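Notes follow the structure.
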Amino acid sequence: MYKVGIDLGSSYTKGVLVDNNGQIIEQYVVKTGFDFNIAAKKIINNFSQNYQIEYPIYTCGYGRDDLKFETVSNSEIIALAKAVYRLYNKKCSVIDIGGQDTKFIEINEIGQVDKFKMNRKCAAGTGSFIEELAFKMDVPTSDFSKIATDATNEVKLNSYCTVFAVSEIIGMIKKGITIPNIILGIYNSVISRSIELSAISENLVITGGIPDNHPLIVELFKKKFVNCESPANSQFLAAWGCVLLNLNKKTEN
Amino acid sequence: MKVENVEPAKLTSVSALRKTMDDYFIRLKTAVETKNKKIAWCTSVGPAELLYSMGFEVYFPENHGAMLGASKMADKYIPTAVANGYSPDICSYLTADIGAFLQNETPLQKTGFKTVPKPDVLVYNTNQCHEVGDWFMYYAKHFNVPILGINTPLWISELNDSILNSVASQFKNLVPELEKISGNKFDIDKFKYTVGLSHDGCSLWRKVLETAMHVPSPINFFDSAIHMGPIVVMRGTQYAVEYYNILLNELNERIKNNISSVPNEKIRIYWDGMPLWYKLSSMSKMFAGLNTCIVASTYCNSWVFDDLNPNDPFYSSALAYCKLFIVRSDSEKEKVFKKLINDFSIDGIIFHDSKTCSRNSNNRFGLPVRLQKETNIPYLEINGDLCDSRCYSEEQSIIAIETFINQLLSRKK
């Protein structure tokens with residue numbers, strides 16, 4: 001029997017299949033859409049094809065409650081912290097950049113959350129900011145990182161309001177600034193918004209769908225912070241953490 | 001951890017509260033209809049005692065703003081004020097209130113008022129913010145009535161005689177104008193009596209709030225935010241004194257019988273900043289569901305003016321209204337926080353950063369970080385607003401609050 005953790009985020013739903021030792025066996029991601037049940041079912045069905053899964057399903061994220069199957073819901077922040085600490089086993093700061101939220105978490109020496117903060121109520125510093133600008137520039141977000149590697153100059157995108165950023169970019173295009181340079185500016189804007197959430201401790205871990213899909217963002221973070229890491233497939237960490245939190249509970253009992 | 005909403009224990013004093021508030025509005029309505037008394041508009045921490053002692057009925061636009069917020073009507077009115085030149089970034093009490101006025105609507109119409117009571121004079125104190133002056137100026141111009149004010153210095157560290165004498169003089173300087181408007185001669189004995197009543201009401205209000213020092217607490221912030229009505233609008237009257245005696249008795253009974261406000265209180269929170277009026281009920285149930293009681297708050301504690309002294313009414317009024325939390329420097333505010341954290345056995349602090357009320361958002365100048373360093377009490381900041389619900393992300397805030405409570409619980413283990 002395998003356990004399943006699902007992080008039902010605003011943009012994507014991420015699932016992990018975990019064995020009894022807490023090791024991830026498989027992971028699967030789907031677009032959330034408007035029905036959390038459908039998104040979660042897709043994950044469960046995918047895992048069920050080859051594995052026997054056990055209930056309850058361990059959930060976190062915006063859609064964590066009121067699902068039509070047995071669940072144990074968790075805070076995505078506590079779950080993410082659990083997974084990060086399991087990986088690195090040290091005091092660190094975490095910046096998680098998702099579709100609609102950017103989160104800062106401070107994990108102490110024993111793996112507890114000492115402090116956390118979420119982005120203010122706007123798109124600045126989140127995946128939505130990138131997606132909106134990509135839409136306006138008519139460049140697929142999947143090409144962003146690749147295109148930005150050709151950047152020659154670091155341009156500064158000043159506005160944190162997405163609408164103002166669009167007008168700022170129009171101004172840049174009129175001035176002849178290249179798309180790679182503009183995308184680099186967008187990346188730096190996302191980074192600036194996220195690091196102003198809180199003072200960063202000595203070790204920094206970057207997680208979330210945005211760094212997974214925009215690897216250049218991780219590289220840019222690493223230029224700013226010496227002790228910066230980002231594990232592969234980091235968008236699945238909160239889902240994994242949901243399972244880990246509950247594995248430990250059983251051990252404690 | 002699916003969190004179920006839980007109803008906190010209901011206070012039976014609510015019926016007495018309702019009657020006390022109803023009677024207050026009946027007195028105001030009688031003054032409107034019979035013109036038996038002049039009507040003064042007053043800011044919520046303005047010179048209510050002076051106005052009551054000189055025979056005015058006193059109306060508080062901020063109370064009206066809170067009613068618009070709590071009745072979820074503010075969102076309907078704010079855009080009207082914005083369309084008429086008021087920024088959505090300024091006080092949403094102001095924009096909701098002026099917007100409602102421009103639409104000729106008020107929740108008071110349900111109790112028989114045609115409109116908000118027309119003022120004969122508007123009296124403000126800038127101790128809380130200067131925006132109240134701008135707010136009152138709109139109505140002073142509209143109704144062509146006098147506007148009087150006390151300008152209190154901001155960011156007070158030491159409450160010295162130079163500040164207090166200046167403010168006391170400003171209180172005294174109101175008297176000749178108020179005599180002309182009210183048609184009543186100022187009577188120092190009446191003023192002393194009113195200041196005495198205000199002192200007594202505030203002392204009782206303090207005792208009410210301090211019952212929450214008891215673990216588990218018999219009252220929570222969401223109750224207090226409602227039950228503070230009389231101390232805001234009837235400070236200086238026997239009505240407030242009578243009501244808080246009733247409420248205090250009920251709370252003391254609860255303590256005696258070990259009845260807590262939140263059925264299974266495990267976490268005790270300090271709330272800084274304004275209430276989110278439009279979410280009062282749902283937040284109350286959410287926190288109760290998290291076995292969490294908000295036991296102390298900057299907001300409710302702000303109406304404890306027990307420095308008022310009938311033997312020295314002007315100077316003590318200056319002292320009481322300059323000692324107010326909101327008008328103090330951060331270093332003084334930090335002392336208050338530390339005392340309340342200790343007195344109320346606080347596990348964590350929630351700072352509500354209210355988009356349109358910077359003076360009531362104490363998280364903006366590094367205070368939470370400094371406080372955590374000194375007290376080791378964790379804090380959470382949530383973004384919202386007192387009246388403008390468009391500034392609040394409920395989904396995001398619920399996740400943050402649940403996580404915070406989880407964090408506090410894990411520290412207790």
Side-chain angles (χ1 to χ4, degrees), chain A residues 7-10 36 56-67 70-82 85 96 98-108 110-124 126 197-199 238 241-242 245-246 248-249 252, chain B residues 1-5 88-89 276 279 286 289-290 292 347-356 361 363-364 366 368-373 375-385 388-413:
Chain A
D7 173 9
L8 295 110
S10 58
F36 289 115
I57 305 292
Y58 302 101
T59 60
C60 69
Y62 281 111
R64 67 199 177 283
D65 292 326
D66 302 319
L67 295 167
E70 194 190 348
T71 57
V72 171
S73 82
N74 303 269
S75 154
E76 71 216 50
I77 293 160
I78 306 275
L80 178 57
K82 181 82 187 172
Y85 191 72
D96 182 82
Q100 201 160 304
D101 290 326
T102 297
K103 303 179 194 82
F104 168 87
I105 310 171
E106 190 66 42
I107 302 173
N108 68 19
I110 56 167
Q112 289 174 328
V113 173
D114 256 0
K115 182 180 171 186
F116 69 92
K117 217 169 164 186
M118 294 163 92
N119 62 303
R120 296 164 74 89
K121 63 252 158 209
C122 77
T126 73
L197 281 174
S198 184
C242 289
L245 280 170
N246 292 283
N248 284 356
K249 260 183 200 162
E252 280 164 17
Chain B
M1 85 174 173
K2 170 152 193 216
V3 179
E4 302 291 344
N5 283 338
D89 293 335
L276 294 92
K279 287 288 165 195
M286 175 185 67
L290 288 162
T292 296
D347 297 308
I349 307 172
I350 295 180
F351 288 91
H352 169 208
D353 187 317
S354 191
K355 168 79 171 161
T356 72
S361 302
N363 61 323
R364 295 188 181 181
V369 174
R370 290 195 297 274
L371 203 58
Q372 186 173 15
K373 269 187 192 150
T375 63
N376 196 30
I377 298 292
Y379 70 89
L380 169 72
E381 294 170 77
I382 61 165
N383 292 109
D385 189 55
D388 192 340
S389 70
R390 300 169 300 179
C391 302
Y392 177 60
S393 164
E394 186 163 42
E395 279 300 320
Q396 195 194 60
S397 301
I398 287 174
I399 287 178
I401 290 166
E402 284 180 13
T403 304
F404 185 56
I405 302 306
N406 210 324
Q407 175 191 347
L408 298 178
L409 282 168
S410 72
R411 279 166 60 98
K412 285 197 148 191
K413 277 179 190 166

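These numbers were taken from a predicted model, which means no experiment stands behind them. Naming: A, B, ... by sequence-line order, numbering from 1 per chain.
Proximity to chain A involves both the backbone and the side chain of Gln407(B), based on heavy atoms less than 4.5 angstrom apart. Contacts between Leu380(B) and chain A at a heavy-atom distance below 4.5 Å involve the side chain alone, from C-beta outward. If you measure heavy-atom distances from Tyr379(B) to chain A, the contacts under 4.5 Å come from the side chain alone. Lys115(A) touches chain B through backbone and side chain together, each having a heavy atom under 4.5 Å away.
Under the salt bridge (charged side-chain N to carboxylate O under 4.0 Å, His left out) criterion, Glu395(B) pairs with no residue, sequence neighbours left out. Under the salt bridge (charged side-chain N to carboxylate O under 4.0 Å, His left out) criterion, Arg370(B) pairs with Asp330(B), Glu334(B), not counting sequence neighbours.
Counted by atom type alone, Asn246(A) and Asn74(A) present one or more donor-acceptor pairs between their side chains at under 3.5 Å.
In this structure the side chain of Ile377(B) never reaches within 4.5 angstrom of the side chain of Leu371(B), judged on heavy atoms.
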